[in-house]
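Worth knowing before you read on, the calculation uses all heavy atoms, side chains too, and leaves out hydrogens, waters and symmetry mates. As the structure is a computational prediction, the values presented were derived from the model and not from experiment. First listed ligand is number 1; within each ligand, the first listed atom is number 1. For reference, positions follow the sequence shown, starting with 1.
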Amino acid sequence: MRGPGGEGVNEPLLEVRGLEVAYGTIPAVKGVDLEVRPGEIVAVIGANGAGKTTTLAAISGLLAPRAGTVRFEGRSLAGRRADEIVRAGVVQVPEGRAILTRLTVAENLALGAYTRRDRDGAARDLEATLARFPVLRQRARQLAGTLSGGEQQMLAIGRALMARPKLLLLDEPSTGLAPLVVAEIFELVSRIRAEGTAVLLVEQNARQALRIADRAYVLETGRVVMAGPAAELAESPEVRRAYLGL
Ligand code: ATP
């Protein structure tokens, strides 16, 4: 099947094959294969140190892989700078949010558009982002450091959306947030997907991640040990025991 631009609509948006990443001589990711198709939420779950963050860093160009390929819309991302990868449509919200606490909320959002060349479009998107997150509009002139954890996570996601991603990479968006706020963030992620942006979601909160994801991968010590539809993984005895505490 071909899409309107001639691209195969069933072809993966992101295709990672045989990815290996090491810190010096210490391997952290040892041959990971994963895919995200257009319109999907794909979760990567796994314990601390499983290699989830390292995998994201290799996709977004922050770390150079030792082996393997990362392709986005059929093109290799090898050797491309992180800002070129953002321009190609892959935008990461890092673990810990990386909000600039001494800039205002509006300034943080504006930074998300730094790779864009269409200034008018970026101004319109700032307006649209403030409309979408009323809490950020109320606090637009406040220093970002005064926001609550949940508001900072919304700001980090809003900032990423300002770059108009085709694929959003989310690293542990639920960390440190109260359950009600976590539910709000996951609801937001579902809405982002419904609007057409694919999502690769790294989470230790396996329960919530499997609830909203279409498919998921389980990472253990740098390797994919299970993969499949999220609903099936949530029913698997191994996942229930190791990641859902059941
Ligand atoms: P977390 O949930 O803690 O972020 P993770 O699944 O994202 O865990 P990674 O952060 O990718 O795991 O870490 C994978 C492995 O690489 C771990 O063994 C970790 O100790 C190691 N590692 C991560 N960052 C570095 C670094 N900067 N230098 C050396 N080793 C690192």
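- Here the closest heavy-atom approach between residue Val90 and residue Ile59 is recorded as CG1-CG2, 4.2 Å.
- Pairs of residues two or more places apart, or lying in two chains, never qualify as salt bridge (Lys or Arg N to Asp or Glu O under 4.0 Å) while including a residue from residues 229-246.
- Around ligand 1 you find Tyr23, Ala28, Ala47, Asn48, Gly49, Ala50, Gly51, Lys52, Thr53, Thr54, Glu95, Glu172, Gln204, each with a heavy-atom distance below 4.0 Å.
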Using salt bridge (charged side-chain N to carboxylate O under 4.0 Å, His left out), reason through Arg75 and Glu15 one step at a time and then give a plain yes or no. CA-CA 9 Å; Arg75 287 186 211 99; Glu15 186 180 31; over 6 Å; no
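- When the options Gln204, Glu203, Gln208 are evaluated for a side-chain hydrogen bond (donor to acceptor under 3.5 Å, both in side chains) with Ser174, the one that passes is Glu203.
- Applying the salt bridge (Lys or Arg N to Asp or Glu O under 4.0 Å) test to pairs two or more places apart or on separate chains, those with a residue in residues 210-220 are Glu40-Arg215, Arg193-Asp214.
- Listed by first and then second residue, the side-chain hydrogen bond (donor to acceptor under 3.5 Å, both in side chains) pairs that reach into residues 160-169 are Glu73-Lys166, Asp125-Arg164, sequence neighbours excluded.
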